[in-house]
Every structure is written in structure tokens, then in C-alpha cells.
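Heavy atoms only: backbone and side chains are in, while hydrogens, waters and symmetry mates are out.
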Amino acid sequence: MKRVDFLYLSQEDVLNLNIPMSKIIDLIEQGLYEHGHGRVENPPKPGIHSKPDSFIHAMPAYYEKLGIGGLKWVSGYPSNRALQLPQIAGLMIVNEMETGMPLAVMDCRWITAVRTAAVSAITAKFCAKKGTESLGVVGCGVQGRMNMVAFKEVIPDLHDVSIFDINPDAMKRFKDDFEELGVSVNISKGVKGAVEGKDMILTATQRLKEPLVKNKWFKPGCLGFGLEASRAWYGDAILEADKFITDSWDQTVYFYEHGAFPDGLPTLYAELGEVVAGLKSGRDSEEERILVINIGLALEDVIVADYVYNVAKDGDYQSLTLMEKDF
Ligand SMILES: NC(=O)c1ccc[n+]([C@@H]2O[C@H](COP(=O)([O-])OP(=O)(O)OC[C@H]3O[C@@H](n4cnc5c(N)ncnc54)[C@H](O)[C@@H]3O)[C@@H](O)[C@H]2O)c1
């Protein structure tokens with residue numbers, strides 16, 4: 001029996017590859033296109049829950065046509081911050097699809113951060129109204145900032161950005177980072193000031209006791225994103241949107257069955273993959289209010305991890321032995 005080795009990539013190894021956001025967006029668009037055409041095996045994520053509000057999820061995916069497959073094993077523990085540990089952490093495994101052998105094990109944190117933002121950017125590419133130039137961001141943490149980077153890739157004219165966060169340091173960091181890039185960032189005193197009347201609204205917050213975005217602030221033509229699986233948007237804003245789009249309807253229903261969407265499940269207009277694959281239109285009018293709650297699919301992680309592996313595989317990285325011979 002042959003010896004089997006696999007590549008090990010730490011978070012720093014992955015970061016130091018300097019893969020640009022534009023590449024991540026291209027990869028995930030390709031992934032969503034395959035998903036829209038029904039050529040990706042992406043079962044609902046099972047999980048274990050050792051503490052309230054916490055999870056460790058298993059997220060496998062296999063691309064039939066591209067021959068790419070793997071798994072993300074990711075934990076989310078909000079109480080970790082007090083322990084100086086990241087809230088989101090975990091590993092990805094990339095497998096060889098002819099034999100199932102592991103090719104690489106790598107950190108999943110950066111991949112999780114960039115893929116989520118790239119999915120928002122692809123949604124904006126297909127669903128933002130023409131001439132979009134303003135954005136309201138509520139929650140200026142990792143996702144608030146990453147989404148902004150990704151939006152700029154697909155909407156270079158985006159220049160009028162208002163933000164709100166309960167943490168002033170998070171707002172300062174956001175403002176400093178993006179003003180350096182020529183984006184005018186206005187710090188608002190509350191959610192209303194940040195989001196009302198904007199072309200796009202993004203909520204990227206944590207652990208909310210009640211929703212933040214009111215229906216009346218979500219104006220005609222707006223494209224709204226909630227990264228918290230419904231919790232940041234009032235029920236009428238969700239239910240009265242002209243279109244409701246998500247990357248995964250199965251996961252949306254699963255979340256509903258476990259307490260999300262307390263005012264009722266919206267009617268699905270389309271999965272994002274169907275829009276990207278051209279099977280459903282994105283935006284049909286400049287007046288439509290489109291609400292998007294992307295949940296996060298394994299296929300989004302796996303296509304990026306496969307690319308990371310391919311970029312790194314001939315480099316000077318640690319190789320680990322899985323087995324040397326039969327026993
Ligand atoms: N859908 C997906 O695929 C996906 C993937 C990753 C993260 N997420 C979600 O995105 C959200 C943001 O994640 P993150 O990694 O950026 O977290 P983060 O902790 O880095 O940032 C969250 C920010 O929200 C702010 N905040 C909290 N409550 C607020 C409130 N009431 N009003 C305004 N600001 C508030 C915090 O101060 C913080 O700056 C989380 O809910 C996370 O679960 C979704």
C-alpha cells in the first residue's frame with residue numbers, strides 16, 4: 001500500500017498566499033453557477049452543540065463537474081472573546097475525488113470570512129439597482145469590513161457609506177480603513193441614520209435581543225442583506241420585500257424550524273445559484289425591494305479551499321503523513 005501524505009496550512013500560511021478578493025468572487029460565482037444547475041452535492045449541515053448559542057458544524061460539498069470536494073468543520077462560540085479566542089474557528093479538509101484521500105488540511109477562518117463577503121458581492125452584482133452608490137452598514141466587525149471590500153470589487157462607484165456599530169472602535173477602524181481607499185464614510189448615531197434610504201443595506205451584527213432594521217427605512221429599489229439569519233430585520237421588512245433570495249432554501253427552512261424568522265417564513269423567490277446560473281432574473285425593476293439572507297454553504301468554502309490547496313501545493317509548506325503502509 002502506498003504512503004499517503006497531506007499538506008497542512010495554518011491560518012498564516014493561507015493569509016500569506018495573498019489571494020485577492022476578486023479571485024474569491026470569481027471562484028464562488030463559478031460555484032454558485034454549478035449549484036444553480038444542480039451539479040453540487042451539498043447536504044444540510046449537521047452540528048453538535050455543547051453550550052447555548054454555540055455550535056460545531058460539519059459542512060461537506062462535492063462538485064460533480066469540477067471534481068472538487070471537501071469539508072469544513074467549523075465552530076462558533078460567542079463566549080470565546082472573553083477568553084481571547086476567536087468566535088469562529090476550525091479546519092477545512094480538501095479531498096482527492098478519485099480516491100477520497102485527503103490532500104490538505106487547513107485553517108478555515110480566513111476562508112469563512114472572505115467567502116461570506118464574496119457571496120454578498122455576487123448577490124449585489126446580480127441584484128443591486130443600476131447606479132448604486134450608497135450603502136448602510138450596521139455592524140462593523142469582520143463581516144462589515146470584508147463585505148465592504150467585496151462590494152467595492154463589483155460596484156466600484158460605491159462611495160457614500162454610512163455605518164453604525166455599538167462599538168465606537170469598530171466604527172473608527174472601518175472609517176479609517178475605507179477613507180484611505182477614497183470612500184466617504186459617515187458615522188451615524190443609530191441604525192436609522194445609517195440605513196434609511198440607502199441603495200444597499202448590510203447588517204452584520206451579533207447576538208441581538210431584537211431586530212434593528214425597520215420596514216419603513218428599507219426604501220424602494222434597495223437591496224438588503226442580513227447576515228444574522230433574519231434576526232436583524234423586522235418581520236414586516238422580511239415578509240413585505242418584493243423578492244426574498246437566499247443561497248440555501250433548505251437551510252433557511254431549517255433555521256425557521258429552529259426559531260429564526262419568528263414572524264413567519266418569507267416566500268422564496270429564488271436561490272442565489274439559480275440567479276447566477278441565469279435560471280431566474282435578479283432585479284427586474286428599479287423599484288423592487290430585494291431582501292437577501294445568505295446562510296453560508298459548504299460549496300462556497302470548498303471551492304476556495306481547493307484553490308488555496310492548488311496555489312500552495314508546490315510551495316514550502318508542512319506535509320504530514322497520514323499512513324506509511326498497511327497494518
Ligand atoms: N451567513 C453567513 O454565511 C455568515 C458567515 C459568517 C458570519 N456570519 C454572521 O455575520 C455576523 C457578523 O459576524 P462577524 O464575524 O463580522 O462578527 P464580529 O463580532 O466581528 O462583528 C460584529 C459587530 O457587530 C456589532 N454589533 C453587535 N450588536 C450590535 C447592534 N445591536 N448594533 C450595531 N452593531 C452591533 C459588534 O460591536 C461588532 O463590531 C454574525 O451574526 C455571524 O454569525 C454569517
Side-chain angles (χ1 to χ4, degrees), residues 28 32 35 42-49 51-59 61 72 74-79 87-88 90 108 112-113 115-124 127 136-144 146-147 150 165 191 195 200-215 218 223-241 243-273 289-301:
I28 293 181
L32 289 167
H35 185 229
N42 191 123
K45 39 188 169 190
I48 56 176
H49 305 88
K51 289 172 75 171
D53 289 343
S54 303
F55 65 83
I56 314 181
H57 283 154
M59 301 173 65
K72 179 162 86 166
V74 59
S75 57
Y77 280 66
S79 53
Q87 178 182 338
I88 300 284
C108 80
T112 302
R115 69 81 148 126
T116 305
V119 174
S120 300
I122 293 159
T123 312
C127 299
V137 177
V138 183
C140 299
V142 174
Q143 281 307 322
M146 281 290 179
N147 271 260
D165 196 298
V191 176
V195 306
M200 296 200 300
I201 299 171
L202 172 85
T203 60
T205 60
Q206 294 282 9
R207 308 181 91 180
L208 298 172
K209 290 207 177 74
E210 52 186 48
L212 299 172
V213 181
K214 294 191 175 161
N215 197 17
F218 180 30
L223 172 62
F225 295 88
L227 290 191
E228 312 85 343
S230 86
R231 283 187 286 275
W233 290 69
Y234 276 90
D236 52 353
I238 297 174
L239 295 171
E240 293 172 22
K243 285 178 177 164
F244 176 82
I245 295 177
T246 174
D247 55 354
S248 172
W249 182 242
D250 282 353
Q251 289 287 340
T252 302
V253 172
Y254 176 84
F255 278 14
Y256 169 65
E257 288 165 354
H258 289 80
F261 301 95
D263 296 307
L265 199 56
T267 303
L268 177 69
Y269 164 70
E271 283 194 326
L272 183 56
R289 297 189 310 165
I290 303 180
L291 185 71
V292 182
I293 297 192
N294 291 320
I295 307 282
L297 284 170
L299 66 93
E300 297 154 5
D301 301 289

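Across I295 and A229, no two heavy atoms sit closer than the pair CD1-CB, 4.5 Å. For A237 against V213, the heavy-atom pair with the smallest separation is CB-O, 4.4 Å. Considering all non-hydrogen atoms of both residues, A204 and L227 come closest at CB-CD1, 3.9 Å. Here the closest heavy-atom approach between residue Y77 and residue F55 is recorded as CE1-O, 3.4 Å. Heavy-atom minimum distance, P266 versus W249: O-CH2, 3.2 Å. Among all heavy-atom pairs drawn from K45 and A58, the shortest one is CB-O, 3.3 Å.
Within the structure, side-chain hydrogen bond (donor to acceptor under 3.5 Å, both in side chains) pairs that include any residue of residues 223-235 comprise T203-E228, T203-W233, T205-E228 (at least two apart or interchain).
Of the possible polar contacts, none joining the Q87 side chain to the S79 backbone as a donor-acceptor pair under 3.5 Å is found.
Distance check, rounded to the nearest 0.5 Å: OG of S248 to CG of L268 gives 10.0 Å. For the atom pair CG (L299) and CZ (R115), the distance works out to 9.0 Å, reported to the nearest 0.5 Å. With values rounded to the nearest 0.5 angstrom, D236 atom CG is found 10.0 Å from K214 atom NZ. In this structure, the separation between CD on Q251 and CG on L297 is 7.0 Å, given to the nearest 0.5 Å. Taking CD1 of I245 as the start and SG of C127 as the end, the distance is 4.0 Å to the nearest 0.5 Å. Here the CD1-CD1 distance, from I293 to I238, works out to 4.5 Å after rounding to the nearest 0.5 Å.
Under the 4.5 Å side-chain criterion, counting only non-hydrogen atoms from C-beta, V195 is not in contact with F218. In this structure, T252 and E271 have side chains that are not in contact, with every pair of non-hydrogen atoms separated by 4.5 Å or more. Looking at heavy atoms from C-beta onward, S120 lies in side-chain contact with F225 at the 4.5 angstrom threshold. Side chains of N294 and T116 form no contact here, defined as non-hydrogen atoms less than 4.5 Å apart.
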Any chance you could lay out the side-chain contact (heavy atoms from CB on, under 4.5 Å) test for V137 and N147, step after step, and finish with the verdict?
-> CA-CA 9 Å; V137 177; N147 271 260; over 6 Å; no
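Residue T112 forms a side-chain hydrogen bond (donor to acceptor under 3.5 Å, both in side chains) with just one option from Q143, E300, K72, and that option is K72.
For D247, there are no salt bridge (Lys or Arg N to Asp or Glu O under 4.0 Å) partners at least two apart in sequence or on another chain.
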